[in-house]
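Source: prediction; values computed, not measured. Reminder, nothing fancy here: chain letters follow the sequence lines and each chain counts from 1.
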There are 2 protein chains.
Amino acid sequence: MAEASTQEAPAASRQGYAKSEATREAIIAAALSAFGRYGYSTATTRQIAEAAGVALPAIAYHFGNKEGLYLACARDIVARYYAQAADLALEAGLALEAAPPPDVCSDYLRHILRRLLRLFAQDEASGSQADFVAREMRDRGPAFQILYDQLWAPGVEITARLVAGCQGRKAVQDGDRAEALMLISSLLAFNTGRDVALQILGRPNLDAGALNLIDAAIDRIVDGVAGRTS
Amino acid sequence: MAEASTQEAPAASRQGYAKSEATREAIIAAALSAFGRYGYSTATTRQIAEAAGVALPAIAYHFGNKEGLYLACARDIVARYYAQAADLALEAGLALEAAPPPDVCSDYLRHILRRLLRLFAQDEASGSQADFVAREMRDRGPAFQILYDQLWAPGVEITARLVAGCQGRKAVQDGDRAEALMLISSLLAFNTGRDVALQILGRPNLDAGALNLIDAAIDRIVDGVAGRTS
DNA sequence: ATAGATATCTATCACTCGATAGATTTCAAC
DNA sequence: GTTGAAATCTATCGAGTGATAGATATCTAT
């Protein structure tokens with residue numbers, strides 16, 4: 001038995017089945033989808049194993065137990081995120097050091113929110129990841145601290161700094177954080193509540209037309225935050 | 001056995017234990033809290049029975065089964081809502097018939113959103129109800145259709161009509177519905193995500209000061225929707 | 001008081017869950 | 001080839017779930 005429960009993959013394999021790493025990734029992909037859709041306690045390990053095309057004990061072998069798999073998913077999300085969206089956040093963070101004028105800040109804010117919307121509405125995989133994170137922020141599971149510390153809190157803080165910048169301030173106040181939370185939360189209507197949103201908008205899916213519609217809504221809301229007439 | 005599974009309470013009791021109705025209400029209260037906090041499949045009937053101070057089979061007796069209890073909770077929420085918040089919605093609906101000027105519409109919008117915020121942030125009971133509804137809108141459980149048809153869709157539509165009115169239009173467009181969804185969803189940050197919001201705002205609870213902070217954020221966002229400089 | 005419907009309880013069933021013991025297969029090193 | 005570690009599987013366990021059978025307690029009508 002390779003002790004894989006706490007952190008790492010069972011070491012660089014020089015023996016055993018060749019597809020070990022592929023199995024690991026298949027399990028994580030299936031788990032992300034299942035946990036994102038059904039939550040930690042409702043998603044079952046059998047369900048995940050079947051979706052991944054492996055037998056049940058493969059999960060225990062690679063991740064120790066259900067919670068280990070859940071944590072592995074969280075770490076995977078964080079890693080993917082840093083390889084995917086960190087560039088924009090970093091750029092905005094650097095730009096903010098120079099205390100840019102309000103219109104630059106509101107442009108950044110618009111860009112970040114649009115990017116976030118597409119992250120939510122995008123392909124199945126990204127949607128699952130966003131679902132996973134959003135769910136964890138609500139129903140504090142075992143991965144809460146990881147995702148809060150490494151994704152949610154930094155994301156809200158950057159957004160809050162942009163909100164403050166929109167109003168010509170450099171220091172972030174609690175009101176900015178409240179607005180940042182509300183901005184991000186407003187986009188969750190199209191992630192978490194995608195089906196309901198589609199039903200209300202009377203559309204079969206979030207196509208380009210729907211995204212444009214929502215982009216326009218983002219623009220108006222950001223205008224309000226920035227105190228500007230559209 | 002009184003067949004109570006599908007709809008009604010076991011008829012006006014003229015025999016049997018006197019506290020029957022009180023038991024029923026205690027179970028519903030406990031169930032609302034448990035379902036709101038943990039969701040349909042994670043909340044257990046034993047947990048609910050214990051919290052209600054009754055034995056397990058009391059649930060089956062009064063509500064048929066777990067799903068029956070869940071549906072009874074949903075109907076209870078709808079009933080409470082109509083007795084509680086329908087006045088404001090009705091008033092706004094009536095006022096809208098007269099195609100009021102934008103500033104009147106945005107005032108209504110502000111009032112409704114503030115009321116909604118307090119509904120979310122209020123006492124334990126109201127919070128549980130809001131949790132229940134929000135959860136059902138995401139994780140379509142057995143009560144989805146009831147709550148969608150009787151609460152969510154009408155609420156979004158009224159909000160969308162106010163958004164349209166803010167922009168001087170009487171006819172509701174899809175963009176208005178998108179904005180309405182986002183406005184409501186933004187408030188969910190303080191219901192669904194209450195703990196995270198408190199942590200980010202660095203406050204122990206949603207007291208008057210916090211509410212004022214959020215009210216100000218609502219004002220700015222509504223200003224944006226109305227296309228008005230604050 | 002007592003009969004009968006109503007309401008509640010104790011005890012238990014069948015099932016699903018996460019976990020794991022133990023057999024089996026794969027693959028690189030020799 | 002043979003060997004041994006790594007990876008995967010089949011089969012099963014104990015705990016917890018929703019449900020229910022059947023006994024018991026309560027209250028109203030007579």
Take the protein atom [atom1] of [X] and the nucleotide atom [atom2] of [N], then report the distance between them rounded to whole Å.
| X | N | atom1 | atom2 | result |
| --- | --- | --- | --- | --- |
| I59(B) | dA19(D) | CD1 | P | 9 Å |
| K19(A) | dC27(C) | NZ | C1' | 13 Å |
| Y70(B) | dG18(D) | OH | P | 14 Å |
| N65(B) | dT20(D) | CG | C1' | 12 Å |
| L69(A) | dA19(C) | CG | C1' | 14 Å |
| K66(A) | dA15(D) | NZ | P | 18 Å |

Item to check | Pairs touching residues 54-66 of chain A that satisfy salt bridge (charged side-chain N to carboxylate O under 4.0 Å, His left out), sequence neighbours left out | outcome: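 Matches after skipping sequence neighbours: none remain.
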
Between [N] and [X], is there an OP1 or OP2 to side-chain N/O distance shorter than 4.0 Å?
| X | N | value |
| --- | --- | --- |
| S20(A) | dA7(D) | yes |
| T23(B) | dT8(C) | yes |
| H62(A) | dA6(D) | no |
| Y61(A) | dA7(D) | yes |

Next on the checklist: Let's see if you get this right: which residues in residues 30-58 of chain B place a heavy atom under 4.0 Å from DNA chain C?
Outcome noted: V54(B), A55(B), P57(B)

Checklist entry - Are E91(A) and Y108(A) linked by a side-chain donor-acceptor pair shorter than 3.5 Å? => result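 Yes, Y108(A) and E91(A) have a side-chain donor paired with an acceptor closer than 3.5 Å.
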
Checklist entry - Can you list the residues that meet the ring-ring contact (aromatic ring centres under 6.0 Å, His included) rule with F132(B), with sequence neighbours excluded? => result Y70(B)

Item to check | Counterpart residues, salt bridge (Lys or Arg N to Asp or Glu O under 4.0 Å), relative to D207(B) (two or more places apart) | outcome: R203(B)

Checklist entry - Taking only residues at least two apart or on different chains, which pairs with a member in residues 189-202 of chain B satisfy side chain to side chain donor-acceptor pair (under 3.5 Å)? => result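 Those involving residues 189-202 of chain B are R140(A)-Q199(B), D131(B)-N191(B), N191(B)-R194(B).
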
Checklist entry - Excluding sequence neighbours, so at least two apart, what forms side chain to side chain contact (heavy atoms under 4.5 Å, CB included) with E50(B)? => result none

